[in-house]
Amino acid sequence: MKTEIQSQPIDAKKLGMLQLAYVESALKDAVKPVVRDIKNNIMSNGLRTGALKTAIKSKVAMRKKDYSGVYGLVGVDKSVISYDRYGNKVRPSKYAHLVEFGTKRTAGKFFITKAALKNQMQIQQAINNALKKANDAL
């Protein structure tokens with residue numbers, strides 16, 4: 001399942017390591033409200049278990065291959081396994097896309113998309129502020 005939010009393009013090859021570190025730190029703080037809003041959207045949609053809510057995770061890291069940029073991911077962690085009241089395994093990663101986008105019989109809830117779009121401007125502002133701070137520090 002992939003919901004992608006585009007931001008203004010930044011030429012990461014022109015940025016130094018200090019600037020990328022500032023952006024990474026700002027992005028870690030900026031994704032926290034997204035995770036919170038996703039969890040709130042799940043609970044407001046009336047889902048019965050907290051398995052999906054528990055599986056929502058975020059990751060912010062620098063590209064390991066060439067250190068050319070920073071990325072942030074928010075979504076359902078595949079390694080999270082819960083158990084229902086009968087002892088059966090529940091894997092939220094197996095059904096999260098069905099809740100998000102719906103099926104031919106049910107409408108989508110768009111719990112990730114709504115949270116990402118709601119916080120898109122704050123994320124972009126956090127990145128811009130981080131770049132300004134990094135440039136001032138140089």
Side-chain angles (χ1 to χ4, degrees):
M1 178 174 71
K2 184 177 181 181
T3 299
E4 187 172 322
I5 302 299
Q6 297 285 334
S7 66
Q8 293 176 348
I10 298 171
D11 189 3
K13 293 179 182 179
K14 292 182 180 178
L15 299 179
M17 290 300 286
L18 179 67
Q19 292 165 320
L20 288 175
Y22 271 84
V23 170
E24 182 178 11
S25 175
L27 204 51
K28 283 181 182 179
D29 291 336
V31 298
K32 289 176 184 176
V34 177
V35 171
R36 183 190 66 236
D37 288 344
I38 290 171
K39 290 181 179 186
N40 288 339
N41 289 345
I42 290 169
M43 298 314 287
S44 68
N45 283 327
L47 295 173
R48 290 181 289 156
T49 68
L52 184 56
K53 182 179 173 184
T54 304
I56 301 298
K57 305 288 183 202
S58 67
K59 177 183 177 182
V60 174
M62 199 172 297
R63 295 192 194 282
K64 299 280 187 210
K65 186 175 180 181
D66 55 0
Y67 300 102
S68 64
V70 177
Y71 65 92
L73 300 173
V74 177
V76 181
D77 186 4
K78 288 183 177 182
S79 67
V80 173
I81 299 171
S82 296
Y83 294 91
D84 65 7
R85 62 182 174 209
Y86 304 110
N88 299 320
K89 286 185 180 179
V90 176
R91 295 179 192 264
S93 62
K94 299 286 186 182
Y95 65 85
H97 64 286
L98 300 173
V99 177
E100 173 77 7
F101 301 113
T103 65
K104 66 181 181 179
R105 296 179 188 200
T106 61
K109 305 290 188 200
F110 300 106
F111 60 95
I112 294 175
T113 305
K114 287 179 187 175
L117 291 174
K118 178 182 174 186
N119 292 291
Q120 182 177 10
M121 294 305 290
Q122 289 86 350
I123 293 170
Q124 187 63 49
Q125 190 63 37
I127 291 170
N128 291 341
N129 290 342
L131 288 173
K132 286 178 188 174
K133 285 181 185 177
N135 289 335
D136 291 344
L138 290 178

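Computed over heavy atoms, backbone and side chain alike; hydrogens, waters and symmetry mates excluded. As the structure is a prediction and not an experimental result, all values here were calculated from the model.
With sequence neighbours excluded, the residues that form a side chain to side chain contact (heavy atoms under 4.5 Å, CB included) with K114 are N41, F110. In this structure, S44 has no side chain to side chain donor-acceptor pair (under 3.5 Å) partners at least two apart in sequence or on a different chain. N129 pairs by the side chain to side chain contact (heavy atoms under 4.5 Å, CB included) definition with Q125, not counting sequence neighbours. Under the rule for a salt bridge (charged side-chain N to carboxylate O under 4.0 Å, His left out), the partners of D29 that lie at least two apart in sequence or sit in another chain are K32. Applying the salt bridge (charged side-chain N to carboxylate O under 4.0 Å, His left out) rule to K118 yields the partners D37; only residues at least two apart in sequence or on another chain are considered.
Separation of atoms CD1 (I81) and NZ (K94) is listed at 10.0 Å; rounding is to 0.5 Å. Rounded to the nearest 0.5 angstrom, I42 CD1 and T54 OG1 are separated by 9.0 Å. Rounding to the nearest 0.5 Å gives a distance of 5.0 Å between CD1 of I56 and CD1 of I112. Atoms OG and NZ, from S82 and K89 in turn, are 11.5 Å apart once rounded to the nearest 0.5 Å. Atom-to-atom distance recorded for K59:NZ and D77:CG is 10.5 Å, nearest 0.5 angstrom. Between N128 atom CG and I123 atom CD1 the span is 12.0 Å, to the nearest 0.5 Å.
Summarising the geometry of S58 relative to V74, their closest heavy-atom pair is CB-CG2, 4.0 Å, with the distance given to 0.1 Å. Heavy atoms only, all atoms of each residue included: A26 and A126 are closest at CB-O, 3.6 Å. Between A96 and F111, the shortest heavy-atom distance links the atoms O-CE2, 3.9 Å. Of all non-hydrogen atoms in V90 and A51, the two that sit nearest each other are CG1-CB, 4.1 Å. Nearest heavy-atom pair, V60 versus K28, reported as atom, atom and distance to 0.1 Å: CB-CG, 3.6 Å.
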Contacts table for residues 131-138: side-chain donor-acceptor under 3.5 angstrom, sequence neighbours left out:
unit_1: N135; atom_1: OD1; unit_2: Q19; atom_2: NE2; d: 2.4
unit_1: N135; atom_1: ND2; unit_2: L131; atom_2: O; d: 3.2

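Transitive grouping of hydrophobic side chains (ILVMFWY, heavy atoms separated by less than 4.5 Å) brings L27 and V35 into a common cluster. Hydrophobic cluster membership is shared by V34 and M43, with clusters built from Ile, Leu, Val, Met, Phe, Trp and Tyr side chains linked at under 4.5 angstrom. Taken together through direct or relayed side-chain contacts under 4.5 Å among Ile, Leu, Val, Met, Phe, Trp and Tyr, L73 and I127 form parts of separate hydrophobic clusters. In this structure, Y22 is not a member of the same hydrophobic cluster as Y71, with clusters built from ILVMFWY side-chain heavy atoms closer than 4.5 Å.
In terms of modelled atom types and a separation under 3.5 Å, the side chain of N88 and the main chain of D84 share no donor-acceptor contact.
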